[in-house]
Every structure is written in C-alpha cells, then in structure tokens.
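All remarks here apply to the structure that follows.
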2 protein chains.
Amino acid sequence: MPRAPTTADVFNAIAEPRRRQIVELLARRGALAVGTLVVTLGLPQPAVSKHLGVLRKVGVVAVSKQGRERVYNLEAEKLKTIHDWVKAFAELWGHQLDRIKERAEHRAREQTKSPTPLKPRKGRS
Amino acid sequence: MPRAPTTADVFNAIAEPRRRQIVELLARRGALAVGTLVVTLGLPQPAVSKHLGVLRKVGVVAVSKQGRERVYNLEAEKLKTIHDWVKAFAELWGHQLDRIKERAEHRAREQTKSPTPLKPRKGRS
DNA sequence: CTATGATATTCCCATATGGGAATATGTCAA
DNA sequence: TTGACATATTCCCATATGGGAATATCATAG
C-alpha cells in the first residue's frame, strides 16, 4: 500500500508545510481570496488551488463565491481532531513521565523465557 | 517536487495511522520491545521496524538495546511541536471566531450580504 | 565455533504526490 | 457577443511511499 492520500484525513492534509502556512494565514488574517494567497505565498496559482482543494476536501477550509473571486475561510474545528490527539500526551512532557514509562512493560514477556540477564558487560577478547 | 519524505518532520511522521497507533501504545503502556509492538499491531515485523525507523528519525521515539531486544520509548516532547501549532487555533473553535474572521479582509470590498447557496438543490420533485 | 532469536535492511511495485505548463471553466465589463 | 480577469482542472514526471518477501545484522545460548 502506498502512502495514504493527503486527502485521507486532517493529519495527512496538514503534513504539507505549504498547507500549514495557508491555515496560519487564514487564521491570522481571516478569510482570503485565492489571489491574495497566491501573492502572499509566492506560489503559482494552480499550486495554491490544489492545496486549497486538499484542505477543502478534509474540511479544514470552506469556500464562498464572491463575485469572480473565491474566498476561503478556515474551519478551525476540524483542527480540533489533531489537538485532541496530541493533547493526550501533554502530560508526558509537562510532567514527570518516568512513572508511566517505568510502570509499563518492565516485566515484558522476556520473563517468560530468560530472567533478565541485563548488561552483560561489553568485554573485548 | 514530490511529497515530502515522512521523515521530514513530526507532522509528516504522524500522518501515518499506524505510526500514530505506535505513539499511542508507547504512551499508554510505556516502553515496549519491537516484538510486543508486532503482536499488538498485528503487522509484519519489517513493517513495524520501518515505522519505528521513521519515528526515530524525527525523534518521536528512542531506542535502547536491552539484551537482544530493542526497547522503544516515546519522546513526548517532540509532539509538543504539533501541540503548539494547533494550540494557536484553539481559540477559533472554543470561542466566537467571528471577530477574527470579520476583521479580516473586509477590504475584499464586498460585504457578504446573503449567503444564498446557488446549488444545494438536493431534491428532485 | 554454530544455531536460534530479535530487529533491521534491501529489493520490488502499485500508487500518490507537488510542482510546471497548458488549458478549461466562470464571472464580470463593454 | 467579445475580452479580460480569477480559479480550477488536466497532463506530465521525478520521487517517496508502505507493505511483501527475502536477507542481513546483532546478541546470546550451547
């Protein structure tokens, strides 16, 4: 199986730096027309349109026709998926994670066979 | 330019569902040997090793040799990058984002007066 | 030493990529 | 209508993918 399509989910969609930039821009400056994004990002228009297509497909942005322009706005709630995911690990870096780490599989399955023959010295001979 | 390598940064690394699963497992159960991950994930060992390789390259996990096993542990701080990124948009979904949205490109010189969708005719009567 | 267990690495391949270039579609102005 | 502008879509291609299969590497037991 090849890599999942960028449109598979939000995680894949924002893996692309340019797309993250677009999200940042829309968050910072509000809804923007494609043309504005083109000049701001310094990317060719087709490239921008494609990136927007990906973001739109996963629901991170939404379009609205305004005259001959297409105005894209951020649908921030979709980013909540990611936030919720990483948030679960927040305590692991904000706190002492040793406890969780250590209480883990210290008895692993190795004890089913060899009773912990740890660090046998790195002798040279 | 093709898609950036999965090892390019944390965002690309965790775009892959299996790799996210690995992260979750290591967070939940602490450091684990490859073999344990293999049985838990139900994936062929080479596949797991490759995923671990990606995660290791971006620094999300770290290995330690323990006898003939390789024990992988989570380096949660690396996920902070992602957390910090999405966190910036948290106010956009937890709060009223209208303010930010509206103050945006109002110079688009066209006030959105009526959203009136043009196409949503989902019913043939 | 050799054998076995535990992981990592290499080769293969269908698939998707992001950008470039060119073109199509859409919308407004005369 | 025609023309100019704003976006989207299509085609092309070098590159990377993730899994499968086979093999290599490393560590320990005998």
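Protein chains get the first letters and strands the later ones, always in sequence-line order, with residue 1 at the start of each.
No hydrogens or angles were tested; on distance alone, nothing pairs the side chain of Lys65(A) with the base of dG26(C) as donor and acceptor under 3.5 Å. Taking 3.5 Å as the limit, the base of dA6(C) and the side chain of Gln45(B) contain no donor-acceptor pair of atoms between them.
Here dT7(C) presents its P atom at 10 Å from CG of Leu52(B), a figure rounded to the nearest Å. The nearest whole Å value for the distance from the CZ atom in Arg3(A) to the P atom in dC13(C) is 21 Å. Counting to the nearest Å, the P atom of dA6(C) and the CG atom of Leu37(B) are 14 Å from each other. Whole-Å rounding puts the Leu55(B) CG to dG18(D) P distance at 10 Å. In this structure, Arg19(A) atom CZ and dA16(C) atom P are separated by 15 Å, rounded to whole Å. Taking atom NE2 of residue His51(A) and atom C1' of nucleotide dG18(C), one finds them 6 Å apart after rounding to whole Å. Leu43(A) has its CG atom 16 Å from the C1' atom of dA8(D), to the nearest Å.
Among the nucleotides dA22(C), dA14(D), dA21(D), the one closest to any side-chain atom of Pro2(B) is dA14(D). Considering only the side chain of Pro46(B), dA22(D) comes nearest among dA22(D), dA21(C), dG19(C). Comparing dC11(D), dT15(D), dA8(D) by their closest approach to the side chain of Lys50(A) singles out dC11(D). Nearest nucleotide to the side chain of Glu16(A), out of dC5(D), dG19(D), dG18(C): dG18(C). Of all nucleotides listed (dG19(D), dA6(D), dT9(C)), dA6(D) comes nearest to the side chain of Glu69(A). Of the candidates dG18(C), dG5(C), dG20(C), the closest approach to any side-chain atom of Arg68(B) belongs to dG5(C). The side chain of Pro5(A) approaches dT17(C) more closely than any other nucleotide in the set dA16(D), dT17(C), dT9(C).
In this structure, the side chain of Asn12(A) does not engage the main chain of Thr7(A) through any donor-acceptor pair within 3.5 Å. In terms of modelled atom types and a separation under 3.5 Å, the side chain of Thr40(B) and the main chain of Thr36(B) share a donor-acceptor contact. Within the 3.5 Å criterion, the main-chain N or O of Ile14(B) finds a donor-acceptor partner in the side chain of Arg20(B).
At the phosphate of dA8(D), OP1 or OP2 sits under 4.0 Å from a side-chain N or O atom of Tyr72(A). At the phosphate of dG19(D), OP1 or OP2 sits under 4.0 Å from a side-chain N or O atom of Arg18(B).
The residues Lys78(A) and Asp9(A) are annotated as not salt-bridged, no charged nitrogen and carboxylate oxygen being separated by less than 4.0 angstrom.
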